[in-house]
Amino acid sequence: MIPEENEPDYRIGIGTDIHRLVENRKLMLCGIYIPFPLGLLGHSDGDVGIHAVIDALLGASGMGDIGTLFPDTDDKWKDIDSKELLLVVKEKLEEKRWQVINVDLIIHAEMPRLGPYKGQMKRIVAGLLGIDFTAMNVKAKTNEGLGDIGAGQAIAATATALLRKKKRRGL
Ligand code: MG
């Protein structure tokens with residue numbers, strides 16, 4: 001173990017996720033409902049955007065991954081609003097004195113076009129993390145018609161997060 005005063009101040013993490021698009025599900029991305037005939041299948045609400053952000057934060061803080069923290073065998077998390085999962089993670093970061101510096105998120109979706117929703121997505125996730133609007137970036141990309149995402153069968157997300165350790169007073 002490195003003595004705490006010698007630990008690096010900054011840590012970076014990466015997260016990815018993919019969910020299948022199916023009928024009879026609401027499409028939730030970054031905490032907002034997007035009108036679309038299909039939604040993402042999942043034990044929770046299937047919000048790939050928030051799930052990728054959670055894994056980036058857990059990765060940066062060395063706290064594991066979303067599947068271990070919120071197992072899909074636990075009914076407690078069934079159909080849960082992923083914003084609630086992000087708040088649990090935010091609390092865990094605070095307990096360990098990790099401050100979120102910034103998050104960058106890419107949503108890979110052929111349809112629907114997400115441009116009109118990016119601002120609202122940024123505001124929601126930044127608000128949940130308690131960071132400035134400008135520290136939360138959301139990009140949306142199509143898959144150029146390639147693969148399962150390109151065929152509109154799934155939506156995926158990739159995120160990075162940078163954290164800074166707040167020093168204890170006196171260190
Ligand atoms: Mg997921």
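One-based numbering along the sequence shown.
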Checklist entry - Does anything in residues 93-149 pair up under ring-ring contact (aromatic ring centres under 6.0 Å, His included), and if so which pairs, sequence neighbours excluded? => result none
Checklist entry - Is the closest side-chain heavy-atom distance between F70 and I80 below 4.5 Å? => result no
Item to check | Smallest separation among heavy atoms of G31 and I124, with atom names | outcome: CA-CG2, 4.3 Å
Checklist entry - For the residue pair A60 and A161, what are the closest heavy atoms and their distance? => result CB-O, 4.0 Å
Checklist entry - Could D79 and K26 be called an ion pair, given the rule that one side-chain N must be under 4.0 Å from one carboxylate O? => result no
Item to check | Electrostatic pair D74-K76, nearest N-O below 4.0 angstrom | outcome: no
Next on the checklist: Applying a strict under-4.5 Å side-chain criterion to I, L, V, M, F, W and Y, I'd like to know whether V22 and I149 cluster together.
Outcome noted: no
Item to check | Distance in Å, S44 OG paired with H19 NE2, rounded so as to fall on 0.5 Å steps | outcome: 5.5 Å
Checklist entry - Atom CD of E91 and atom CD of E95: how far apart are they, to the nearest 0.5 Å? => result 6.5 Å
Checklist entry - Got more than 12 heavy atoms from elsewhere within 6.0 Å of NZ, K139? => result yes
Checklist entry - Does the pair R11 and L162 meet the rule for a side-chain contact (heavy atoms from CB on, under 4.5 Å), with working shown? => result CA-CA 6 Å; R11 296 277 174 93; L162 183 67; over 6 Å; no
Item to check | side-chain contact (heavy atoms from CB on, under 4.5 Å) evaluation trace for L40 with D47 | outcome: CA-CA 7 Å; L40 294 170; D47 190 329; over 6 Å; no
Next on the checklist: Apply side-chain contact (heavy atoms from CB on, under 4.5 Å) to residues V125 and C30 and explain how you reach the verdict.
Outcome noted: CA-CA 6 Å; V125 182; C30 290; 3.9 Å; yes
Item to check | Pair T160-D104, side-chain donor/acceptor within less than 3.5 Å | outcome: no
Next on the checklist: I'd like to know if the side chain of D55 and the backbone of I66 have a donor-acceptor N/O pair within less than 3.5 Å.
Outcome noted: yes
Next on the checklist: Taking the side chain as everything from C-beta on, heavy atoms only, tell me whether V103 gets closer than 4.5 Å to N137.
Outcome noted: no
Checklist outcome for this item: Output for pair (E110 CD, N143 CG), nearest 0.5 Å, gives 6.5 Å
Next on the checklist: Applying a strict under-4.5 Å side-chain criterion to I, L, V, M, F, W and Y, I'd like to know whether L85 and I131 cluster together.
Outcome noted: yes
Next on the checklist: Walk me through whether D17 and I54 qualify under side-chain contact (heavy atoms from CB on, under 4.5 Å).
Outcome noted: CA-CA 10 Å; D17 197 21; I54 285 176; over 6 Å; no
Next on the checklist: Side chains of V138 and L114, heavy atoms from C-beta outward: is any pair under 4.5 Å?
Outcome noted: no
Item to check | N/O donor-acceptor pair under 3.5 Å between D45 side chain and S82 backbone | outcome: yes
Next on the checklist: With a 6.0 Å cut-off (strictly less than), is the heavy-atom count around CZ of R20, excluding the residue itself, greater than 12?
Outcome noted: no
Next on the checklist: Regarding H43 and D72, do their side chains bring together a donor and an acceptor under 3.5 Å, going by distance alone?
Outcome noted: no
Next on the checklist: Check for me, please, whether V48 and M111 land in the same ILVMFWY cluster - side-chain distances under 4.5 Å, paths through other members count.
Outcome noted: yes
Checklist entry - Measuring from L57:CG to L86:CG, what's the distance to the nearest 0.5 Å? => result 6.5 Å
Item to check | Spatial distance of atom NZ (K166) from atom CD (E94) [nearest 0.5 Å] | outcome: 6.0 Å
Checklist entry - When hydrophobic residues are tied together by side-chain contacts of less than 4.5 Å, even through go-betweens, does V88 share a cluster with L163? => result yes
Checklist entry - Just wondering, do D9 and K167 contact through their side chains at under 4.5 Å, heavy atoms? => result yes
Checklist entry - Are any of the side-chain heavy atoms of I34 and M28 separated by less than 4.5 Å? => result no
Checklist entry - Is it true that a side-chain atom of R164 and a backbone atom of Q99 form a donor plus acceptor pair closer than 3.5 Å? => result no
Item to check | Where A159 and A56 come nearest, the two heavy atoms and their spacing | outcome: O-CB, 3.7 Å
Next on the checklist: Any non-hydrogen side-chain atom of S61 less than 4.5 Å from a side-chain atom of K92?
Outcome noted: no
Next on the checklist: Less than 4.5 Å apart, side chain to side chain, heavy atoms only: is that true for M121 and L105?
Outcome noted: no
Checklist entry - So how far is it from L93 CG to L58 CG, rounded to the nearest 0.5 Å? => result 7.0 Å
Checklist entry - Between D65 and T68, is there a donor-acceptor pair closer than 3.5 Å when you use the side chain of the first and the backbone of the second? => result yes
